[in-house]
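Scroll down for the structure; my scribbles are underneath it.
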Amino acid sequence: MATAHSKTAARLMISPAVLLLLGWMLVPLGMTIYFSLLRYNLLMPGMESFTGLDNYRYFLTDPAFYAAFKNTLLLVGGVLLITTVGGVLLALLLDQDFWGQGIVRILTIAPFFVMPTVSALVWKNMFMNPVNGLFAYLFQALGLEPYDWLGSAPLFSIIWMVSWTWLPFATLILLTALQSLDREQIEAAEMDGAGALARFFYITVPHLSRAATVVVLIETIFLLSVFAEILVTTNGGPGYASTNITYLVYAQSLLQFDVGGGAAGGIVAVVLANIVAIFLMRMIGKNLDA
Amino acid sequence: MSRRSSTRRKALMTVLAWAVGLLLFFPILWTVLTSFKTEAVAIADPPVWFNFDWTLENYATVQERSNYGRHFWNSVVVSVGSTLLGVIIAVPAAWAMAFVPGKRTRDILMWMLSTKMLPPVGVLIPIYLIFRNLGLLDTRIGLVIVLMLINLPIIVWMLYTYFKEIPGEILEASRMDGAGLREEILYVLTPMAVPGIASTLLLNVILAWNEAFWTLNLTAAKAAPLTAFIASYSSPEGLFYAKLSAASTMAIAPIMILGWFSQKQLVRGLTFGAVK
Amino acid sequence: MGSITLSKITKTFGPKEVIPPLDLQINEGEFVVFVGPSGCGKSTLLRLIAGLEDVTSGQISINGEEVTLAPPAKRGLAMVFQSYALYPHMSVKKNIAFPLKMAKKSQSEIDEKVTNAAKVLNLTEYLDHRPGQLSGGQRQRVAIGRAIVREPAAFLFDEPLSNLDAALRVNMRAEISDLHRQLETTMIYVTHDQVEAMTMADKIVVLQAGRIEQVGAPLELYETPRNKFVAGFIGSPRMNFIEGHEAAKHDAHTIGIRPEHLTISTESGAWQGKVGLAEHLGSDTFLRVDAGPLGELTVRAIGDVKVKYGDTVFLSPDPSKIHRFDAGGLALR
């Protein structure tokens, strides 16, 4: 299939996509790196000056960064824990034989299609509001004090909302993987005398581990960039209690107009994301030619 | 093949599965119900479930007060526009990688994927400044370009995995039959890949519709799609549950319908073919 | 119309040489079969002729005109693929019409040619079907139809029958041979099945590891194989090879004797052995005989021979049919 003619054509046809992505990646990233070395505030135009690594020093030693870093880890870790454990359980449940499988599947996947701003506002107002929210009503009905979710446990509340979006994703992927498991393999194990538990741990779990890894890695990429949910619910507060790195960089850049500091933060975020990306790419790369 | 499943077990599973399904779906259901209530009923204590006077008033008010239709249209233009543009650019690239693989094809694919992993805050400032200088802030065309670029790797990847499933011999046959490159792609590859291209379109429209970083940061009143419009309800004065619900229902309904159609492809697209 | 000349062509994939320098002349109207074990380079050779792969060096000419660098569409060849490679989204009619449409022929000419081809190939009633609705044999005929409407300089067949079941394969073999007689166009046919080669070819090209081992008419290869490889590859069951003392008696390193040239007897003969396996087909009997120092010999006897596992039998070779080879495997004449 490879002649010199078709190779030239291939190069030509691939180049628009490559050039666009190259431009999209290199130009802004280069600018971010450049800005991160400047003292540059949009409120004081024309005052830019080179400061070396100062921005990084300020950003990394700022207590806000420490808080945001911790929150980012908790947010990503918390959502991953809830969605993968919950996803495995849900996938196992949905894989069972029951009436109305199609409808239940649709109900389960639905939250994934809800845009982040809608999901955040619905949870914030209609469920977590300490006066009018359904949770407050539920607590009262049980004789408990209504709880101010976003005020008292902002990070947990956000983890809750984000998990609601991503649990269906994890479930769907794990369910797909589960259904691709060769039934004959299970039957062979049954013939070999493996009980239900043994079959689960020796056949199902190894089969699911690959899909679970994919879920973890892909969710991580998206979860590192959680933004809208924070913006419309807590604005990162109270204090920095629900600020993650993405939101911190946004606040520094577009709320305080500190371009230099924001850029340094952006580069820090890129470095952190790359650490995850390397693992994810290894995973996907392995399957590329399979 | 046959598993011994007693009716009792099946009944138990049915109850369990439906309970979990409804629980997950409940926030959406509640939003839809609330959208038909009056504001007073919406915050009634105890909550009202079904027996209230159903009204469409909220939907009318949302449109009237905030020109909902324009934001809806912005969402349509931006998500469909960015996806179509992306597919036009991605089809030739995916053709090349699927059917004329070279030594570097694998690297290029992986590199494209890596651009998707770039956190948006890493390039927020330059993009914001470039957009400001080019007058692209708060324009639909600006959003179309950005969303096309962030989804391009997914589009290329999805098309690539679909094209890989088309036997190369068929394309060779068309070459033997005298088809040039243009005819080969237009008359043979594209029609055969229609299901794959359709799923790619669908998934990427969904992703672009729900994108909530760039849409929030690069638009204000004029070009704001629904993600940004809904965000305006976060201010305290926007605290009208019934109206928020009506606006939300309209924002998620179309995409939910598309989403249900594309469940299977969703898995493949979002895992870059690692899970099928 | 339809002569193809390959001169000194080579093909390398990376560091791997798939075709060492190779010369071959294919004459107008010939039915040429490339045969060899899998991986011998026969398909690559066909794809080089088709233009689906570039040659690394050397020249290809068709009808005296050099086409080494021409794209497939410009070579005036038609190809039938192993998987048939029909366009699944087009009807049979559109599949057959596709090359004509690409050549920008008028609609009336297209209709006429497609109708004719369909008639010749018994496809008339299936013209509006999609390939998915056809049987294997019908798909095969559509693929051939798509090839013949172009009136190519030569037809290229890449193992076209390997996806069909045994009975259908015999039929299609005959159909392709008939087609060749009707059209009198050059055909190049690639197969790993020596029976197809023997039954269809005017000229067989036996390939191994990209090299041509021998070129010749089917019976020529059967009767006077140039070396041990061709001797073993052509003919079924395979020729028996005997080395050592018995071969030395014939002044050779190795001697070869075909199973059908051994006579079996339960009383006397040149060589003695024990029956290992006996396959009684009625029309023929195939035996595997353990002949001690000579090794295992395969024997084919006409009709049914009443022997069974463990019986002692005697074998006598037809002395005029003994092939002699030197230590390098070349035939001694």
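Per chain, numbering begins at 1; letters A, B, ... match sequence-line order.
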Between B/I185 and chain A, with a heavy-atom cut-off of 4.5 Å, which part of the residue counts as in contact: side chain, backbone, both or neither?
side chain

Under 3.5 Å, is there a donor-acceptor pair between the side chain of B/H71 and the main chain of B/A224?
yes

Would you mind telling me which of A/G100, A/P168, A/G265 has the largest number of heavy-atom pairs within less than 4.5 Å of chain B?
A/G100

Name the member of A/L224, A/V18, A/L94 that forms the most heavy-atom pairs with chain B at distances under 4.5 Å.
A/V18

Chain A contact via B/R132 - which portion, at a heavy-atom distance below 4.5 Å:
side chain

Given heavy-atom pairs under 4.5 angstrom as the criterion, report whether the side chain, backbone, both or neither of A/Y137 touches chain B.
side chain

Taking A/G30, A/G23, A/P16, A/P116 one by one, which has the highest count of heavy-atom pairs under 4.5 Å against chain B?
A/P116

Does a side-chain heavy-atom distance below 4.5 Å link B/R9 with A/D97?
no

Are B/V20 and A/L93 side-chain neighbours, meaning at least one heavy-atom pair lies under 4.5 Å?
yes

More than 12 heavy atoms from other groups under 6.0 Å of CH2 on A/W160:
no

Answer with side chain, backbone, both or neither: which region of A/Q140 has an atom nearer than 4.5 Å to a non-hydrogen atom of chain B?
side chain

B/T215, part contacting chain A, at a heavy-atom distance under 4.5 Å
neither

Can you tell me which portion of A/L21 sits under 4.5 Å from chain B's heavy atoms? Options are side chain, backbone, both or neither.
both

Which bit of B/A231 is near chain A, if near means a heavy-atom gap under 4.5 Å: side chain, backbone, both or neither?
both

Donor-acceptor pair, side chain of A/H207 and main chain of A/A177, under 3.5 angstrom
yes

Out of curiosity, A/N55 CG to A/Q252 CD, how far, rounded to the nearest 0.5 Å?
8.5 Å

Portion of B/I145 that has a non-hydrogen atom of chain A nearer than 4.5 angstrom:
neither

Given a strict heavy-atom distance threshold of 4.5 Å, which part of B/W95 is in contact with chain A: side chain, backbone, both, or neither?
side chain

To the nearest 0.5 angstrom, please state how far the CG atom of B/L129 sits from the CG atom of B/L124.
9.0 Å

Honestly, the part of B/I155 sitting under 4.5 Å from a heavy atom of chain A is neither

Pick one of side chain, backbone, both or neither for B/I230, based on which atoms fall under 4.5 Å of a heavy atom in chain A.
both

Residues in ring-ring contact (aromatic ring centres under 6.0 Å, His included) with A/F169, at least two apart?
A/F112, A/W166

Taking every heavy-atom pair that is under 4.5 Å apart, which of A/P28, A/S119, A/A10 has the most such pairs with chain B?
A/P28

Interface residue of largest heavy-atom contact number with chain B, from A/I33, A/N274, A/I103, A/V268, under 4.5 Å
A/I103

Report the relative orientation of the aromatic rings in B/W157 and B/Y160; use parallel for angles under 30°, tilted for 30 to 60°, perpendicular for over 60°.
perpendicular

Going by the rule side-chain hydrogen bond (donor to acceptor under 3.5 Å, both in side chains), which residues pair with B/T14 if we only count those two or more places apart in sequence or in a different chain?
none

What residue, out of A/Y247, A/F127, A/F35, has the most heavy-atom pairs lying under 4.5 Å from chain B?
A/F127

Hey, is OH on A/Y34 packed in by over 12 heavy atoms from elsewhere, all under 6.0 Å?
no

